[in-house]
Amino acid sequence: QVQLVESGGELVQAGGSLRLSCAASGRTLSSYAMGWFRQAPGKEREIVGVISRSGSSTYYADSVKGRFTISRDNAKNTLYLQMDSLKPEDTADYYCAAVLMASYLSRYLPRQQREYDSWGRGTQVTVSS
């Protein structure tokens, strides 16, 4: 399995921006599909977005579409989540996750949490109104 460590979470005002990073070690990320998930206080963990192994396909939850952007830098073994126009309802712990993907599935977008077998410990994002 690959080890994942998130960073970049902090307190920000509504309307502001943050960029989260997810650094991987132990394996190269180039063979993995990657996802961002979040869990708000008192709520279940939910999907934010996914990027395919190839990086050519992405998926976003409706709640973040047009505001958040997922990207990956395989040379740096790092996944990113650019978050713009932040809202108080974006307040949550954000987790990155990875799943090894065969080359013929390079554009597949795993959207279910159970599809992922490596998880980070999360980074906290707080958006004040």
Colleague: Kindly determine whether Phe37 and Trp119 satisfy ring-ring contact (aromatic ring centres under 6.0 Å, His included), including the steps that lead there.
Modeller: CA-CA 10 Å; Phe37 296 81; Trp119 291 83; 5.0 Å; yes
Colleague: Is the closest basic N to carboxylate O distance between Asp93 and Arg121 below 4.0 Å?
Modeller: no
Colleague: Determine, stepwise, if the pair Arg45 / Gln113 fulfils side-chain hydrogen bond (donor to acceptor under 3.5 Å, both in side chains).
Modeller: CA-CA 9 Å; Arg45 190 163 58 186; Gln113 295 183 47; 2.8 Å; yes
Colleague: So which heavy atom on Ser85 is nearest to which on Arg67, and how close?
Modeller: O-NH1, 2.9 Å
Colleague: Quick check against the 3.5 Å criterion: does Glu6 have a side-chain atom that pairs as donor or acceptor with the backbone of Ser21?
Modeller: no
Colleague: Quick one: do Ser17 and Asp84 satisfy side-chain hydrogen bond (donor to acceptor under 3.5 Å, both in side chains)? Show the steps, please.
Modeller: CA-CA 4 Å; Ser17 297; Asp84 299 317; 2.8 Å; yes
Colleague: Out of curiosity, Gln13 CD to Leu11 CG, how far, rounded to the nearest 0.5 Å?
Modeller: 8.0 Å
Colleague: On the six-membered ring of Tyr108, is Arg53 placed so that its NZ or CZ lies under 6.0 angstrom from the centre and within 45° of the ring axis?
Modeller: no
Colleague: Evaluate the side chain to side chain contact (heavy atoms under 4.5 Å, CB included) criterion for residues Tyr95 and Thr123: first the C-alpha distance (whole Å), next the side-chain angles of each, then the deciding distance (0.1 Å), finally the verdict.
Modeller: CA-CA 7 Å; Tyr95 301 86; Thr123 185; over 6 Å; no
Colleague: Could you check whether Arg72 makes a cation-pi contact with Tyr80, meaning its NZ or CZ is under 6.0 Å from the centre of the six-membered ring and within 45° of the ring axis?
Modeller: no
Colleague: Salt-bridged, Asp62 to Lys65, with N to O below 4.0 Å?
Modeller: yes
Colleague: Once rounded to the nearest 0.5 Å, what's the spacing between atom CE of Met34 and atom OG of Ser52?
Modeller: 12.0 Å
Colleague: What verdict does the side chain to side chain contact (heavy atoms under 4.5 Å, CB included) test give for Ile51 and Leu79, after you've listed the backbone C-alpha separation in whole Å, the side-chain angles of each residue and the deciding distance to 0.1 Å?
Modeller: CA-CA 9 Å; Ile51 187 166; Leu79 175 74; 3.7 Å; yes
Colleague: Would you check if the side chain of Gln3 reaches a backbone N or O of Gln1 as a donor-acceptor pair within less than 3.5 Å?
Modeller: yes
